[in-house]
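Atom set for the values below is all heavy atoms of this structure, side chains included, hydrogens, waters and symmetry mates excluded. For this chain, numbers begin at 1 and follow the sequence in order.
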Amino acid sequence: MCIDYAEKLSRIVYKDSEKNNCDCLLFSGGIDTSFILMSLNEKPKTVSVLFRNSKDEEYISYAAKKLNIENHKITINSEEEVDDCLKIALNVLRTIDPIEIISGISVCMGLKEAKKLGCNCVLTGDGGDELYFGYDFLLNKSESYLSSWLKNVAKNAFFNSIPISQYLSIKTILPLFSDESKELSFSIPTRCKINEINGKIFGKYFMRLWLYKKGLEYIALREKTPITSGTGSEILLNHWKEKVKIDEIQEYKKKYKINFPSLSHLYLFKKGLEMNLFNNELENKSKYNSCPICGHELKRNFCKFCGAYINDSVSVYRDF
């Protein structure tokens, strides 16, 4: 039965947490962090980062009330409140990809709060979407595509929580992306990862069944939410867009040979220049297999600097 795989994964999560003496969890009220929470005998302190209009908040409140957990919410109301973490994310990640930077800001804010709380070790839900097919675009893919995807992400997936936690000097563990979890993921049939519940196809099917059985029905049937709308951090994208002018795109394109796909990309680029961050990135553009957006090297069809994914077409964040 599919739920047996969830029991195995739960034991993996529990052992990893116990081994590392983890006492805190970055909690979004989603499938991955809820699964981790329910796998632990002693409930950790949970930390949640929220902007205005966050879709995560109702699920976080639901879990906190139902499970009587200690939850520390960081509610961000202004751009100024994230300025330090914006600088940290740019410095650590060296990218102008707005979605990666927004994710990094949220992680940074959560880890800084965990450090204030005196957390010994922080758990994150990174890896669940990758190993257990949580992304919506995977739901209609072929077996051969999913097999290739799994091999690639198990080997190459990047999670910004790792370098950001190192920068902040706080121990962070990704139990859903441990070696044991990776090994388990290869043994789970696709029907247990992608399947139908109440007439709707979901990813992470076996994890959802397990959460449903544990009494978190509302979270178990939650749809996949992008981090920008989940945390509500899309408000930052609007702020960044307003800080630059459309006619600056051509000026900076001509000077730096970058086809900025969004005003947010340009804002982050200008911010990085102010911080003297991108000297190496500008000097070491790739002559081979280069990104058509910014000229940097593509690795497995992905450009780390601008966030473009190049396949049959160019997939990148745009705002104009």
Response to the item:
Heavy-atom nearest pair, P163 first then L93, reads CG-CD2, 4.2 Å

Discussion item. In this structure, is the centre-to-centre distance between the rings of Y256 and F278 below 6.0 Å?
Written reply: no

Practice prompt. Kindly assign one of parallel, tilted or perpendicular to the pair F137 and W149, based on the angle between their ring planes and the thresholds 30° and 60°.
Written response: perpendicular

Worksheet item: Would you say the side-chain atoms of S61 and K73 include a donor-acceptor pair closer than 3.5 Å?
Response: yes

Worksheet, complete the sentence: Heavy-atom nearest pair, V244 first then E248, reads CA-OE1, 3.4 Å

Worksheet item: Between C291 and C306, is the SG-SG gap under 2.5 Å?
Response: no

Discussion item. Using a 6.0 Å distance limit plus a 45 degree cone around the ring axis, check whether K200 lies over the aromatic ring of F202.
Written reply: yes

Discussion item. Do L263 and I99 land in one hydrophobic cluster if side-chain heavy atoms of ILVMFWY residues count as linked below 4.5 Å?
Written reply: yes

Discussion item. If we count only N and O atoms by modelled type, under 3.5 Å, do the side chains of S48 and N71 hold a donor and an acceptor together?
Written reply: yes

Worksheet item: Would you call the rings of F206 and Y5 parallel, tilted or perpendicular if under 30° counts as parallel and over 60° as perpendicular?
Response: perpendicular

Discussion item. Name the residue from D32, D129, D136 that meets the salt bridge (Lys or Arg N to Asp or Glu O under 4.0 Å) definition with K224.
Written reply: D129

Worksheet item: Can you say whether the rings of Y252 and F260 are parallel (under 30°), tilted (30 to 60°) or perpendicular (over 60°)?
Response: perpendicular

Fill in: Heavy-atom check, side chain of I219 versus side chain of M38, under 4.5 Å
no

Practice prompt. Ignoring hydrogens and angles, state whether a donor on the side chain of Y205 or E196 is under 3.5 Å from an acceptor on the partner side chain.
Written response: no

Worksheet entry | Hydrophobic cluster membership, L277 vs I105, 4.5 Å side-chain cutoff | yes

Worksheet item: Can you find a side-chain donor-acceptor pair between T124 and D126 that sits under 3.5 Å?
Response: yes

Worksheet entry | Transitive ILVMFWY side-chain link Y59 to V47, under 4.5 Å | no

